[in-house]
Amino acid sequence: MLKTQGLTLHYGGSQILHGIDFQAQAGQVTCIMGTNGVGKTSFLKALAGTHLRSGGTVEIDGAEVGRVPPQDMARRGLSVVPQGRMIFPLLTVKENLETAYALLPKSEHKVPDEIYDLFPILKQFLARRGGDLSGGQQQQLAIARAMIMKPKVLLLDEPTEGIQPNIIQQIGRVISHLRGQGGMAIVLVEQYFEFAYGLADAFYVMKRGQITHSGPKDNFAKEDLRAVVSV
């Protein structure tokens, strides 16, 4: 569903990503791991179009995508739940969800019942401003907003960061639910090892803007992988 070949990224005179080859299959969770500052978020931003990649190719569902801005990547089926969530603090929960309608035909301008089944707290708080929600509730809102866009590829950047344990468990159940539907490739950047290991079908390990290890989960002994991603 998502494939990159030789993806590179520069900030000014510095090269951040060095020839990233990556694949994420529909119906799977592909986890990108590594310590802080190795280029994980930069890679997601290059995929999303918020940072225009310097070189290499990106394909979504078999079609190559040029160096286009975020709104065009979204139209091609890529949705992002960014680090920090980036909800609109002065808009209500309902209004935040409705911002996803921009990419949908008018006939689909509604919040699917599935959203409220997965995130019942959002239905209770539809009239509450996004900025008045807890961090965990904001994360649920950000994931729900991305789901409304009906993406082919869902990018999740550190979804457990600063979130209380019960919400982390719920987010894990939602990711498992989306994987089980089979039509979406889920790319997870995550440093909470147990959370990532429990969900992932495949791993990519990054160091200094390069992929050093990759493969299906079965290729990695748990403690060997833990050692690799913590160095």
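Remember, predicted model here, so these are calculated numbers, not experimental data.
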Distance (rounded to the nearest 0.5 Å) between D61 CG and K3 NZ: 13.0 Å
Under-4.0 Å salt bridge between D201 and R179: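 Judged by the 4.0 Å cut-off on N to carboxylate O distance, D201 and R179 do form a salt bridge.
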Salt-bridge present (E194, K222; N to O < 4.0 Å):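 Yes, charged N to carboxylate O under 4.0 Å.
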More than 12 heavy atoms from other groups under 6.0 Å of CZ on R67: yes
Over 12 non-hydrogen atoms of neighbours within 6.0 angstrom of NZ in K217: yes
All side chain to side chain contact (heavy atoms under 4.5 Å, CB included) counterparts of N219, not counting sequence neighbours: P216
Mutual orientation of the aromatic rings belonging to H109 and Y101 [parallel < 30°, tilted 30-60°, perpendicular > 60°]: parallel
Parallel, tilted or perpendicular: ring planes of Y204 versus F22, cut at 30 and 60 degrees: tilted
Could you check whether any side-chain heavy atom of [X] comes within less than 4.5 Å of a side-chain heavy atom of [Y], counting everything from C-beta outward?
X   : Y    : value
M1  : Q25  : no
V80 : L44  : no
L9  : I20  : no
F88 : E95  : no
M33 : E190 : no

Chi angles and distances behind the side chain to side chain donor-acceptor pair (under 3.5 Å) call for Q15, T8: CA-CA 8 Å; Q15 186 167 356; T8 59; 5.0 Å; no
So if you build clusters from Ile, Leu, Val, Met, Phe, Trp, Tyr with side-chain heavy-atom gaps below 4.5 Å, do [X] and [Y] land together?
X    : Y    : result
L78  : F43  : yes
L17  : V58  : yes
Y197 : V205 : yes

Test log, rule side chain to side chain contact (heavy atoms under 4.5 Å, CB included), inputs E108 and K150: CA-CA 10 Å; E108 297 180 21; K150 301 180 179 180; 2.9 Å; yes
From CA spacing to verdict: side chain to side chain contact (heavy atoms under 4.5 Å, CB included), I143, I171: CA-CA 9 Å; I143 295 172; I171 290 171; 4.0 Å; yes
Candidate pair S42 and K45, rule side chain to side chain contact (heavy atoms under 4.5 Å, CB included), full reasoning: CA-CA 5 Å; S42 294; K45 288 181 176 180; 5.6 Å; no
Donor + acceptor pair across side chains of E114, Q181 (<3.5 Å): yes
Let me check something: any side-chain donor-acceptor pairs from residues 116-134 under 3.5 Å, sequence neighbours excluded? List them with distances.
residue : atom : partner : partner atom : Å
S134    : OG   : Q137    : N            : 3.2
S134    : OG   : Q137    : OE1          : 3.4

Residues I148, L104; criterion side chain to side chain contact (heavy atoms under 4.5 Å, CB included); working and verdict: CA-CA 9 Å; I148 291 171; L104 300 174; 4.0 Å; yes
